[in-house]
Amino acid sequence: MSNNIFKPALAWTLSFALSAPLAVAQDTLGSPQLGKPVTQMDLSDLDLIASKESVLPAGSGTAFQGREIYAAKCASCHGAEGSGGAANQPLVGGNMRSQDAPTRTVGSYWPHASTLFDYVRRAMPANAPKSLSNTEVYQVIAYVLYMNGLIDQYKVINAETLLTLKMPNAGGFIDMSASD
Amino acid sequence: MSIRETDVAELGAVEPNLEPSTTDLMVAGNGLMSRRLLLGLGLGGAGLTVASGALGADFSMPVWSKQPGPGPSGYGQPSRFVADIQRDPGRANPLYPGGGASRTPLHQLRGTITPNGLHFERHHAGVPEIDPAAHAVFINGLVERPLAFDYESLLRYPMVSRTQFLECSGNSGALFRDAAVDGTAQSINGLVSCAEWTGIPLSVLLDEAGVSPEARWVSAVGADAASMGRSIPLNKAVDDVLVALFQNGEPLRPEQGYPVRLFVPGWEGNVSVKWLTQIKLSKEPSQFRDETSKYTDTLADRSSLQFTFPMGVKSIITSPSGKMQLQTHGLYQIEGLAWSGAGSISKVEISADGGATWAEAAIDAQAGDKSLARFRLPWRWQGNSAQLISRATDNYGNIQPTRNQLLAEKGALAFYHFNAQQCWDVSSNGEVKNTYV
C-alpha cells in the first residue's frame, strides 16, 4: 500500500522512547498517584481477555457436548445450521477464494480461534451476555468450529487446543498498524 | 425529507447585487465564485439584498414581545421550533438488543462543534447505565503495579482539553456500493462528529502503573454488555490518547461513554472505547472480534487490511446536500466539513461541474489538529444541472482521493474507511441527489 490514502504521516511512530515522554507527562502535569493496587485475583471476574498472551481459563468441551447449547441459546438468532438466521449473522460457511463476494464468517475469515472464545464469553448470547460458564463456552464454540468443518465432533477444545488450531484464513491479513 | 421553511430561507432567496466586476469573481465552471467574496474583498461592500417573499413576519408587534416567558430552567433544551433536528436511531432490532447506530444531522448544523445530544452513536449492546461510584478503570497485564482508579480519584488528575473529530470507520460505507444510494448528508455521512474532549492523558495513568519494557500494545475494554475490546499500539497510547471524562464541558453523555471513555485522536471511532473499565498491556494485540471479523477491509486479491487506524483526509458538502430542493435561482453558499486523521486541513477545493474545474473554498477559523474544519464558497445557480464535489488536502499533503481511485486501491469488497470525494447532483429543477461521477 503505497498510496497516500494509507499515508497518514504518523508522528507517533517516531517517538517510541517510552521512559522519556512518560516522565515529562508526569512532571508537567503533576499526577496525584491515586491508583489502588489490585491483583490478577481481584480481576478474575472482570478480565475477560482470551488470547495467546492472556491465559484462557480452565475447562474444555466438544462439539458433541455443545450441540444442545447451540440449539437452545444460539440457533434462534444465528439459524439452526449457523447460516445467519433471523439476526442475519452467519457463523458458518463462505470461502475467501470464491468468485462472488465471499461471506466472511468464523470459518472462512477469522484468523484466530482464540477470538471465538474471547467474543462468545464477553458478548454472546446477545440477549444474555456472560450467562454461559467457561465450560459451556468451550462446548458451544467447539460446535461452531465443528459446523465449519474445522474439527470433528469429539475433538476436545480447551485453552491449549484452541491456541494451536489453525484457522483457514490465518495468513489472510496485512497488519497496517506500523504503516507510515 | 420535507424541506423546512428555514432550509429554504438559509439556502436561497438571496440575489447578489451584481456589479460589472462580478464576472471576474467567477473562478471555476458552472457558477463557482471566489472565496474573496466571502472574505469581504472583491465586491467591496456590495451588499446582498434579500429577495421578496422570504419574511414570515407581518410587522405587527409579536405576541412574545407582549407577555413574559418562562423563567430560568435547570437544564436548557433546544427551541421547540428545531425539534426536527434529530439523530436517526432507526427501529430497534430485538435480535440485536441495544445494537445499532444513529447519525448526526450534519445538514442541519453549522459551525464545527457537535451538540452533545446530536453526537453520532454506535453501540454493540446498548447504553449501560453506569453508577460512577461503582465503576473503576483498572490497568493490568505487563505493568509493574496493576492499579484500579475510581471515578472520584480520576477527577483529581490533571486534565487537558482537545477539540477533535470522531468518525466511525463505517461512515460513508454505502458509497462503496455500485448503485448510488439516495440519501442525505446525515444518512450517508453522519457517523462523524466533533467535540471538545477533556480528560487525563493515558500516559499519566500508565506511568503510575509502570509499563514493562516488553509491552507494545494496550487493550482497552468497555463496561457495556458487549464488553467492547480493542487493541491500540502503545506508542499511540502514550502519545495523545485521553481517558476522557468531559464532552463539551459537561460529563460525558451516557451514549458517549459516561462516566469515562478512551478518546483516540484521528483514529477510527471504534478504538475510542466507551465506558472504559480495563487497560491491559501486552506484547501483541488481543485479536478481539472487532479488530478481526469487523473493522477490517478485504481487498480485491482477498487479503484483508487489519489495524487500519487513522481516518483518511476527507470532506463532505453539507449544503446543498442530498434531498434538499433549491427553490430560486441565484447566489448560494456551498458549505461543508473537512477533516483528516493525520493532522489539520490545509485546503478544500470545490467543483460544480463534476470535477472538470475547481475553486478553493474559504476555511472558517484556524482548522485545528484532527478537528473538523468548516468550508464555504459562493455559488451562482442559474438553473442548469450541476455536480458539486469537494476535495480536501491536509497539512501532510494527503489529498482526498476520487471514488475511482479509492475503489482501484481497495476494491469493491471493502466496507470501512471510505474517504473518497462525494458528488451531489443538482438537477435543473433544483433537486439535490447523491451520485457518482
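Keep in mind that this is a model prediction, so the values were computed, not measured. Chain letters run A, B, ... following the sequence lines, proteins first and then strands; every chain starts at 1.
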Consider only side-chain N and O atoms of B:T296 and A:Y109, and report whether a donor and an acceptor are under 3.5 Å apart.
yes
OG/A:S51 to CD/B:E284 distance, rounded to the nearest 0.5 angstrom?
8.5 Å
Spacing of A:Q33 atom CD and B:L147 atom CG [to the nearest 0.5 Å]
8.5 Å
So do the side chains of A:S31 and B:I200 get within less than 4.5 Å of each other, counting heavy atoms only?
no
Non-hydrogen atoms of chain B under 4.5 Å away: do they reach the side chain of A:R122, the backbone, both or neither?
both
Examine whether an atom of B:S303 lies under 4.5 Å from a heavy atom of chain A, and if so say whether it belongs to the side chain, the backbone or both; otherwise answer neither.
both
Top contributor to chain B interface from A:I49, A:N88, A:D175 [non-hydrogen pairs under 4.5 Å]:
A:I49
Does the side chain of A:M176 come within less than 4.5 Å of B:P310's, by heavy atoms?
no
Between B:T292 and A:W110, does any side-chain donor sit less than 3.5 Å from a side-chain acceptor?
no
Measure A:S108 against the heavy atoms of chain B and call it side chain, backbone, both or neither at under 4.5 Å.
neither
Under the side chain to side chain contact (heavy atoms under 4.5 Å, CB included) rule, what do B:D150 and A:K36 come out as? Steps first, then yes or no, please.
CA-CA 9 Å; B:D150 59 29; A:K36 297 175 187 67; 3.2 Å; yes
Step-by-step side chain to side chain contact (heavy atoms under 4.5 Å, CB included) determination, A:L48 to B:V221
CA-CA 9 Å; A:L48 296 182; B:V221 178; over 6 Å; no
With heavy-atom distances below 4.5 Å as the criterion, would you say the side chains of B:Q278 and A:L46 are in contact?
no
Name the option with the most non-hydrogen atom pairs under 4.5 Å to chain B; the candidates are A:T39, A:L43, A:D118.
A:L43
Residues A:D100 and B:R302: closest non-hydrogen pair is O-NH2, 3.4 Å
Please classify the contact between B:A125 and chain A as side chain, backbone, both or neither, with a heavy-atom cut-off of under 4.5 Å.
neither
Which atoms of B:D224 are under 4.5 Å from chain A, going by heavy atoms: the side chain, the backbone, both sets, or neither?
backbone
Against chain A, label B:R145 side chain, backbone, both or neither, depending on which of its atoms sit under 4.5 Å from a heavy atom there.
neither
Check whether A:L116 gets within reach of chain B through its side chain, its backbone, both or neither, counting any heavy atom under 4.5 Å.
neither
Minimal non-hydrogen separation, B:A226 against A:A123, with atom names:
O-CB, 3.9 Å
